[in-house]
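Just so it is clear: chains get the letters A, B, ... in the order the sequence lines come, proteins before strands, and each one is counted from 1.
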Amino acid sequence: MSPARAWLDQPDSQSSSASAENLAIAAPVAFAAGLLALVVGLVFAALGDSERSHPLAFLGTWVAILLSVFAFAFHRIRLVARRRIGGVAAPDTQRALTAFFPNLIAALFLTVALFVISAPDAWLLPVAPLLWALFYGLGLIAIGNFSGRATRALGWFFVAVSVSSFLWLPILASVLTSPGYEGPFPVIRLSHLLMAGLFGPFHLAFAYRVWPRAKPPEGALRKAHV
Amino acid sequence: MQRHEAEEHLRVIRSLMEKSTIYRAISAPTALVGGASASLVGLLFLTVFKAHAGDPFIFFGAWAAVLAVTGVANTWFVRQDAIRRGDRFISPGMKMALWALAPSHLTAAFATVLAAVLTRNFAVQNVYQVLPALWSVLYGLGLLATAHFAPHSLRKLGWCFLLFGLAATGWWFTPAEFHFGLEGGQMSHAVMAFSFGLFHLIYAACTWPRATAENGGAA
């Protein structure tokens, strides 16, 4: 095993059963989220047309996907919790949700602000995927203490990629908003492509990485609760 | 004793030790120094140096100076406390706290550099004025990332910074009649004075007695 893989496999400061339990929740959710982001993002980027699409349709699409992923995540939490005595989620799962929550609030508020600022033509729309990736990454790093280093590494990836994307985005935006521009990627198509590129491959890679050790041993869960 | 019980005891002990360390790392005296200097600088730009409030060079210089003063004071307080305890300057708990704070603080640093470059080289010269709101949001998220080992007071401070930062972002884009007669540059100094100044002063005032009781007067 390579040193990098060994480092990722370490459960960090928390007990290994809690980490395994949270990864059991995270792996299928990450797979579903990555697959949805990749397929929907690519399809909409290919079919999307700036004259027919609306910025609110973009927002609606991705909020619907986010809610679906949340619903799946809560379903997974309930499934794993049922295996525990008492049927409640592990304290570390609850702490992970609490740690993630502030980042969700920040992303939600700044998204609304972004849409208000850039109305009516939503010229700042491509910033939205970067903002979401940034706050999602910060949230993953915050919950990394409860679900192992792989989650934290994924969080750092999101933060690094979104932050570095802010470097080239102003240049791209100036091209896209110049009066004579009639290129192949209007703002909405570019935003869908960013969603596919940011949230697709990273989630799939994460799910692939943690899946083999995602299912916690039944005994470990009961022992951890007793 | 069962193995799990032993693990749980060790975890509790470790958690308590880490609480003590994070309390030292962001202590009441540091909050007092940071809060006082931020309030002073913010108020100076809202009164005496009102004419210079819109200068980006002065904005970055003044707040970098406040950060430097607070950073030096924090290092000194932590070092003094480590000497008093006979502990290492950078303890494992402090490393944990720094790792928790790092992502949001690095993001804030990057946003600052980006805003400085945009202000200097491109047409978006006022973009730096939104920075205080963003710093407040990211500082709040950083504090909240330490929530699993930080005391309640620090979590509350984190929420205050986060919510105020979001409100300040919204305030920035409201019509001029909601700006209380302040111009862009003055608004950014006002946000700094209110958040990094006032919040830290309130935090210092609220935690000082507890810090004295818990850490033997040197927290």
Asker: Within this structure, what is the OG1-CG distance for the pair T107(B) and L134(A), rounded to the nearest 0.5 Å?
Answerer: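 The OG1 atom of T107(B) sits 5.0 Å away from the CG atom of L134(A).
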Asker: Taking side chain as everything from C-beta outward and backbone as N, CA, C, O, which of these in L166(B) sits under 4.5 Å from a heavy atom of chain A? Side chain, backbone, both or neither.
Answerer: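 Its backbone and side chain both get close to chain A.
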Asker: A quick test of your reading: do over 12 heavy atoms of other residues, nucleotides or ligands sit less than 6.0 Å from CZ of F164(B)?
Answerer: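 Yes, because the 6.0 Å sphere around CZ of F164(B) holds more than 12 heavy atoms from other groups.
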Asker: Holding to side-chain hydrogen bond (donor to acceptor under 3.5 Å, both in side chains), I want the full list of residues that pass it with T70(B), two or more places apart in sequence or in another chain.
Answerer: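 Counting only residues at least two positions away or on another chain, T70(B) forms no side-chain hydrogen bond (donor to acceptor under 3.5 Å, both in side chains).
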Asker: For residues V159(A) and F110(B), determine if any side-chain heavy atom of one lies less than 4.5 Å from a side-chain heavy atom of the other.
Answerer: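 Side-chain contact under 4.5 Å: no.
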Asker: Of all of P103(B), A100(B), A111(B), which one pairs up most often with chain A through heavy atoms under 4.5 Å apart?
Answerer: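 Answer, by heavy-atom pair count under 4.5 Å with chain A: P103(B).
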Asker: With a 4.5 Å heavy-atom cut-off, do N103(A) and L144(B) have their side chains touching?
Answerer: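 Counting from C-beta outward, N103(A) and L144(B) never come under 4.5 Å.
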Asker: I'd like to check I141(A) versus W99(B) (side-chain heavy atoms, cut-off strictly below 4.5 Å). Are they in contact?
Answerer: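 Contact flag for I141(A)/W99(B) side chains = no.
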Asker: If you take all heavy atoms of L138(B) and F135(A), which pair is closest and at what distance?
Answerer: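 Nearest pair, atom of L138(B) first, then F135(A): CD2-CE2, 4.4 Å.
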Asker: Checking heavy atoms, do the side chain of W159(B), its backbone, both or neither come under 4.5 Å from chain A?
Answerer: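 W159(B) touches chain A through side-chain heavy atoms alone.
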Asker: Counting only non-hydrogen atoms closer than 4.5 Å, does A106(A) touch chain B with its backbone (N, CA, C, O), its side chain (CB onward), both, or neither?
Answerer: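 Looking at A106(A), backbone and side chain both touch chain B.
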Asker: With a 4.5 Å heavy-atom cut-off, do L106(B) and W156(A) have their side chains touching?
Answerer: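 Yes, their side chains come closer than 4.5 Å.
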Asker: Specify the closest pair of heavy atoms between G170(B) and F109(A), including all atoms of both residues, with the distance to one decimal.
Answerer: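 The pair with the smallest heavy-atom distance is N-CE2, 4.1 Å.
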